[in-house]
Amino acid sequence: MIFDEIELLLNNAGAKAGYNEKFSVTFSNLPKVCDFQCNDCFAIAKKLGKNPYELAEEVTNAVEENEDFLFEAVRPAFINIKLTDKKLAKIGQEFLKDERGGVPKHSQPQKVIMDYGGANVAKALHIGHLRSPIIGESLKRLYRFLGDEVIADVHLGDWGLQMGLTELQLYLDGRLDYYFKGGKEEKITLEMLNNAYPKASARKNVDEDFKREADDWTLKIQSKQEPYFTIYKKIREVSVKEIKKHYSELGAEFDLWYGESDAQDYIDKAIKIIEDKHLSRVSDGALVVDVAVEGENIPLPKTSEDEVQRYKNPMPPAILKKYNGGVLYATTDIATILMRNEMFKEVDRIEYVVDLRQKNHFTQVFRVCKMAGISPDEQQLVYIGFGTMNGKDGKPFKTRSGDTIKLEDIIDMLVEKASEKLKSNGVEYDRNLALTIGVGAMKFGDLINNVDKDYIFDLDKFLTFEGKTGPYLQYTAVRINSILNKTGLASAEDFTINNEEEREIIKSILKLNSSYEICYNNKSLSPLCLATYNLASAFSTFYSNINVVNEKNESKKKSYIALLMLVKNKLEQALNILAINVPQKM
Ligand code: ARG
């Protein structure tokens, strides 16, 4: 890596000048002045009681003769480093030959399970579920690219109250007569589910008896009683088919299509481990585990006798079993961690990409698993909580009538808006193309933000073909492909440095390459989005200033083509991590 090369030269120079201290470099804060800089002379000089500028000069003067870098000591006490054209050309050639484009793999890869997606069976997917497959899929691709072994699990919500509610509602609507009274079987359809769940969910909030009955149905499903369990499996099948379609349109790919229900066989075992360690207690008939740590659940003074006790920093106990023995969301998540650790040995990390509103839930689950030893000490349990997609009014994105938006509607909207855009550019209607561009726009518009921040879901902005948008990057890649189709290819050796525009491109590729590691450490794709945009924009400058196709000088032309090939590779590599497809044309 380039940083290592420069640091080696600097440290050798330091040693030659009589210093054992380590000198490190960063990208330059003033890219117009130099490419890299070393800021360490201040601290080292202070420690040694020396003049910082003199130290910078001494070290710079001791740097061994080389054709790749220019070192210069500048006041107050920086060492500025520039790459020579020779070096820039070597980098271009090397990255073009390397199938990884100069991005190294980790020497100690980890085994990771990623839990993202999280769609709920029998409920329509809605906008609150959208960020999970976007962010999760890209993080997964990033981790794999850097060498980790990653298993992606969709972890469907398929074992909770919504199952009992849906079944009960279907029963009341007379849709399940075949199972209870015999006669002709009526096929369960998606429309029935889309209709049943919202109806039942609204009713449970106002009708206590109905809610109890739904609890009862849920328990019958969870204990695999017939015909409840068979009906459940049918509902699951219809619903999962639809969920698969949506995830595939979004480009999210899972290795495991497990759900909460798959952890059922581990629930008793997990509860036994917890009980054996005396971590649980019974509270109002429910089985709970206290998970608060010091500093949490501090009782606040009551203002009157009959006021309920309130707490500062409250962390409620995790509930494992309800009054009726039914299990809850925390129970299935704890059992799932047990299952994952039994199925896949030596998992280094389990990561969850889930809405920030579930922060407490994951704190509870992780604490229980650590206390009970269900997750070994050395295993990292990571919660990546994402913020909300807001409408232009700054409030959670809703339909005009104020309902939450279904994922299906979002996809239709993406296709419609992207089609309009394409039409205005003279491209005829093509649903797949519009979907590729619409989804690309939405993903980039999402991933460029910090994961934990809310952001404004502004499709018109995301869909512009200029600026920091998905379509701009797709368009840049499409354009390069079409130029290369005209010019044919060149080889890596053809690449030389002739002008400032090319220098800028290689430098932005260096930054792009180092952004992968930053993304890995920050668990955010934002640095990669920005660096990819910067490369595309450096390319646009190059392409508007230089006439590649009509270049008369054959060797210059070959060099330009080689550069184009490199930019194409780097763009496609980055877009692939962002799970944004490059269309054939646009
Ligand atoms: N089904 C959940 C929901 O809709 C999300 C699942 C997230 N993953 C997990 N292991 N809890 O809220």
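Indexing begins at 1, ligand by ligand and atom by atom, following the structure's order. Please read all numbers here as calculations on a predicted model, not as lab measurements. Values reported hereafter were calculated over all heavy atoms of this structure, with side chains retained and with hydrogens, waters and symmetry mates removed.
For ligand 1, the polar-atom distance check finds no N/O of Glu260 at less than 3.5 Å from any of the ligand's N/O atoms. Taking any N or O of Gly118, backbone or side chain, at least one lies under 3.5 Å from an N or O belonging to ligand 1.
For atom 10 (N) of ligand 1, the candidate residues are Asp333, Val121, Asp153, Thr332; the nearest heavy-atom contact is made by Asp333. Evaluated by nearest non-hydrogen atom to atom 11 (N) of ligand 1, the leading choice among Tyr116, Trp159, Tyr329 is Tyr329.
In this structure, Arg367 is not positioned above the aromatic face of Phe362 in the sense of NZ or CZ being under 6.0 Å from the six-membered ring centre and within 45° of the axis.
Counting atoms of ligand 1 from 1 in the listed order, those under 4.0 Å from a heavy atom of Tyr352 are 10 (N). Within the listing of ligand 1, atoms 7 (C), 8 (N) sit less than 4.0 angstrom from a heavy atom of Val354.
Among residue pairs with one or both ends in residues 254-275, those qualifying as ring pair (Phe, Tyr, Trp, His ring centres under 6.0 Å) are Tyr116-Phe254, Tyr247-Phe254, Phe254-Trp257; sequence neighbours excluded. Within the structure, the ring pair (Phe, Tyr, Trp, His ring centres under 6.0 Å) test picks out the following pairs touching residues 313-343 (sequence neighbours left out): Tyr329-His361.
Atom NZ of Lys302 sits in a crowded spot, with more than 12 heavy atoms from other residues, nucleotides or ligands closer than 6.0 Å.
For the side chain to side chain contact (heavy atoms under 4.5 Å, CB included) test with Leu414, the passing option among Leu459, Leu435, Asp409 is Leu459; the others fail.
Salt bridge Lys245/Glu408: absent, no basic N to carboxylate O contact under 4.0 Å.
Ligand 1 lies less than 4.0 angstrom from a heavy atom belonging to His129.
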